[in-house]
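Just so you know, these numbers come straight off a predicted model, no measurement behind them.
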Amino acid sequence: MSAGTALTPILHVDMDAFYASVMTRDRPDLQDVPVIVGGGYRGVVLSANYLARRSGVRSALPMTRARRLCPEAVVVAPDYPTFETVSASVRENFRQVTPLVEVLSLDEAFLDVRGAGRRLGDPVEIAERLRSTIHDEQGITCSVGVAASVSVAKLASRRAKPDGVVVVPPDAITSFLHPLDVGELWGVGEKTQAMLHRLGLITVGDVAHTPVRTLQRALGDHLGRHLHELAWGVDRRVVSARNVGVFGGGDPDKSMGAQETFGRDTDDREVVLREVLRLAARVTTRMRVAGVAGRTVALTVRFADFTTITRSRTRAEATDVTQEVYATATELYDALGLQRARIRLVGVRVEGLVPRSSVHRQLVLGEPEHGWSDADRAVDRAVGRFGKAAVQPASLL
DNA sequence: TCTGGGGTCCTAGGACCC
DNA sequence: TCTGGGGTCCTAGGACCC
C-alpha cells in the first residue's frame with residue numbers, strides 16, 4: 001500500500017444519475033435518448049440521464065420547465081421498489097468491504113476503509129473493485145471520491161463523475177478546495193452562496209482567508225465557523241454506521257411526516273381536512289410499525305403563491321393514534337382562521353418521537369378503555385392481511 | 001400546469017424556573 | 001432591587017440535503 005493512499009481512507013460512493021440509470025438499464029431503446037425520471041401532475045425532475053442534462057435538465061427542476069428545455073426527452077415514472085432493491089444490493093457490496101458504512105440516501109454512502117487495507121488493498125483499489133462489482137451486478141455506474149475526510153471525499157466524488165475515481169491526497173487538499181465556488185461546499189445552498197457572493201467571497205479560498213468573526217457575523221456563529229473549517233479541509237465528522245437516517249440499523253427517526261400537493265388548489269375546508277386525515281393515518285401507521293409515538297404535531301400549509309406556514313402543538317402525552325393526531329392537526333388548521341385562501345399543499349408531521357414502550361399514558365377520566373388506539377391496531381392488522389385498500393377511515397370511503 | 005416529498009439542523013424569541 | 005443570568009421547553013421560520 002502506498003503511503004499516500006493509506007492517508008485517505010474515506011470513500012464517498014455516489015451512483016451516477018441513479019434513478020435514471022436504474023430505469024434505463026434494461027431498456028435498449030432508452031440508451032441513446034435523453035431520459036427524465038419524474039412526471040406526474042405538478043411534479044419535479046427526480047433524475048435525468050446525462051443526455052438530458054446536456055440540455056440543462058437537473059433534478060428538482062419543475063417538469064414543465066424540463067420538458068420545455070428538452071422536448072425530445074422520454075419521461076419515465078419512478079419505480080421506487082426497484083430503487084430500494086438495487087440500493088440494498090449495493091449496500092451489501094459496501095458491507096463486504098467494511099462495517100463502517102454511513103448510508104446517506106438510496107444512492108450515496110461513505111465508507112471508512114481504514115481497517116480493510118491488509119485484506120483488500122489500498123483505498124483506490126477498493127474503490128475500483130467496488131465500481132466493477134456494482135457495474136457487473138447492477139448494470140449501473142458510480143463514482144468514488146477518496147480523501148482523508150468525509151467532506152473532501154464528497155467533493156471529490158462529484159469531480160469523478162461520471163464513472164470515475166478522484167483521489168485527493170492530504171497535501172493537495174487546499175489546492176483542490178480553494179479554486180472551487182463556495183456553493184460547492186456541503187451545507188452551502190442557494191441562499192448562503194448568494195450571501196457569500198454579495199460579500200465578495202466567490203471561491204472556497206476566499207472563505208478560507210476571511211476572518212472567522214466576519215463569517216460568523218454574516219452567517220451565524222455555527223455556520224460561520226463550520227464553513228471556515230471546511231474551507232481549510234478541517235472536518236472532524238467521522239463515518240458513523242449509526243447515522244444512517246431512514247434505513248435500518250441506525251439512529252431512530254426524530255420525526256415522521258407526510259405531505260401532499262393537491263391536483264389543483266382548493267379553499268374547501270372539507271377537502272383539506274379529508275386530506276389531513278389521510279396524511280395522519282399514513283404517518284401514524286408508519287409510527288406504529290416503527291414502534292414510536294410523539295408529542296408534537298405539526299401542520300404545514302402551502303398557499304397558492306407558494307408561501308408556506310407551519311403550526312405545531314405539543315400534546316400532554318405522546319401518541320401514535322390516528323384520531324388524536326388528526327384532531328390536533330384539525331385544531332391547528334382551524335386556528336388559522338382561513339377565509340377562502342387557496343391552498344396548494346397540506347402536511348402532517350409528528351415530532352419528538354420516542355419508543356412507544358417508554359410511553360405510559362395517564363388514564364384520562366372518561367376515556368374508553370379500548371378507544372382509538374385499539375381501533376388503529378385492528379386497522380393495522382387488517383391492512384397487514386388484506387392490503388391498504390381493505391380498510392380506510394370511514395370518512396375516506 | 002412553474003416550483004415533490006422525506007427528512008435534519010439551526011436560530012431566535014418568549015415563557016418559565018431556579 | 002441600578003433590572004443578573006443560565007437552562008430548558010415551546011413555537012415559527014428558514015436553510016439545506018437527497
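Distance CE (M195(A)) to P (dA15(C)): 9 Å, rounded to an integer number of Å. Atom CZ of F303(A) is separated from atom C1' of dC2(B) by 19 Å (rounded to the nearest Å). Straight-line distance from the CZ atom of R58(A) to the C1' atom of dT3(B): 12 Å, rounded to whole Å. Between the CD atom of Q216(A) and the P atom of dA12(B) there is a distance of 12 Å, given to the nearest Å. Separating the CD atom of E84(A) from the C1' atom of dC18(C) is a distance of 13 Å, rounded to the nearest angstrom. A straight line from CD of E351(A) to C1' of dC9(C) spans 13 Å, rounded to a whole angstrom. dG4(B) atom C1' lies 14 Å from atom CZ of F262(A), rounded to whole Å. In this structure, CZ of R217(A) is placed 16 Å from P of dT11(B), rounded to the nearest angstrom.
The residue R313(A) sits close only to the backbone: its heavy atoms come under 4.0 Å of sugar-phosphate atoms, none of a base. Among the protein residues, R315(A) comes within range of no part of the nucleic acid, since none of its heavy atoms lies under 4.0 Å from any strand. Residue M256(A) is classed as a sugar-phosphate contact, given heavy-atom separations below 4.0 Å to backbone atoms only. Within 4.0 Å of A258(A), counting heavy atoms only, lie sugar-phosphate atoms of the nucleic acid but no base atom. Among the heavy atoms of the strands, none lies under 4.0 Å from T308(A). The residue T261(A) sits close only to the backbone: its heavy atoms come under 4.0 Å of sugar-phosphate atoms, none of a base. Among the protein residues, R302(A) comes within range of the sugar-phosphate backbone only, with heavy atoms under 4.0 Å from sugar or phosphate atoms but none that close to a base. Across all strands, R42(A) comes closer than 4.0 Å only to sugar-phosphate atoms, never to a base (heavy-atom distances). Residue L345(A) is classed as a sugar-phosphate contact, given heavy-atom separations below 4.0 Å to backbone atoms only.
For Y41(A), whose side chain is taken as the heavy atoms from C-beta onward, the closest listed nucleotide among dC10(B), dA15(C), dT1(B) is dT1(B). Nearest nucleotide to the side chain of R349(A), out of dA12(C), dG6(B), dT1(B): dG6(B). Closest to the side chain of I309(A), from the set dT1(B), dC16(C), dG13(C), is dG13(C). Listed nucleotides dG5(B), dT11(C), dT3(B) differ in distance to E260(A); the shortest reach to its side chain belongs to dG5(B). If you check dG4(B), dC9(B), dC17(C) against the side chain of K254(A), the one that comes closest is dC9(B). In the set dC18(C), dT11(C), dG6(B), dC18(C) carries the atom at the smallest distance from any side-chain atom of S105(A). Nearest to the side-chain atoms of Q259(A) among the listed nucleotides dC18(C), dT8(B), dG5(B) stands dG5(B). The side chain of P62(A) lies closest to dT3(B) when the candidates are dT3(B), dT11(C), dC16(C). Checking dT8(B), dC16(C), dC10(C) against every side-chain atom of D253(A), the shortest atom distance belongs to dT8(B). Among the nucleotides dC16(C), dT1(B), dT3(B), the one closest to any side-chain atom of R344(A) is dT3(B).
Contact of the E317(A) side chain with the R295(A) side chain is not registered, since no non-hydrogen atoms from C-beta on lie closer than 4.5 Å. Two residues are said to be in side-chain contact when any heavy atoms from C-beta on lie closer than 4.5 Å; T300(A) and V346(A) fail this criterion.
Classified by interplanar angle (parallel below 30°, tilted 30° to 60°, perpendicular above 60°), the ring pair H222(A)/H226(A) is parallel.
Neither OP1 nor OP2 of dC18(C) sits under 4.0 Å from any side-chain N or O of S59(A). Contact between the side-chain N/O atoms of S312(A) and the OP1/OP2 oxygens of dC10(C) is not found at any separation under 4.0 Å. Contact annotation: R311(A) reaches the phosphate of dG13(C) (side-chain N/O to OP1 or OP2, under 4.0 Å). Side-chain nitrogen and oxygen atoms of K191(A) include none within less than 4.0 Å of the OP1 or OP2 phosphate oxygen of dC10(B).
To the nearest 0.5 Å, atom CD of residue E324(A) and atom OG1 of residue T319(A) are 3.5 Å apart. How far CG of L299(A) is from CG of L332(A): 6.0 Å, rounded to the nearest 0.5 Å.
Within 90° of 0 lies the glycosidic angle of dT3(C), which makes this nucleotide syn.
A residue-by-residue look at H222(A) and V45(A) shows that V45(A) has its nearest nucleotide of DNA chain B further toward the 5' end. Residues R295(A) and T310(A) each lie close to DNA chain C; by heavy-atom proximity, the contact nearer the 5' end of the strand is made by R295(A). In this structure, G257(A) and L46(A) both approach DNA chain B, and ranking their closest nucleotides by distance from the 5' end singles out L46(A).
The P atoms of dT3(B) and dC18(C) are separated by 23 Å, rounded to the nearest whole Å. Rounded to the nearest Å, the gap between the P atom of dG4(C) and that of dG14(B) is 15 Å.
When T285(A), T284(A), V292(A), V350(A) are each tested for a side-chain contact (heavy atoms from CB on, under 4.5 Å) with M256(A), only one passes: V292(A). Put simply, the residue from V146(A), D112(A), L111(A) that forms a side-chain contact (heavy atoms from CB on, under 4.5 Å) with I10(A) is D112(A).
Two rings, from W186(A) and H12(A), have their centers 6.0 Å or more apart.
Pairing for dC17(B) is with dG6(C), a Watson-Crick or G-U wobble pair whose two hydrogen-bonding atom distances lie under 3.5 Å.
For the pair W186(A) and dC17(C), the ring geometry does not qualify as stacking, because the centroid separation below 5.5 Å and plane angle under 30° are not jointly satisfied.
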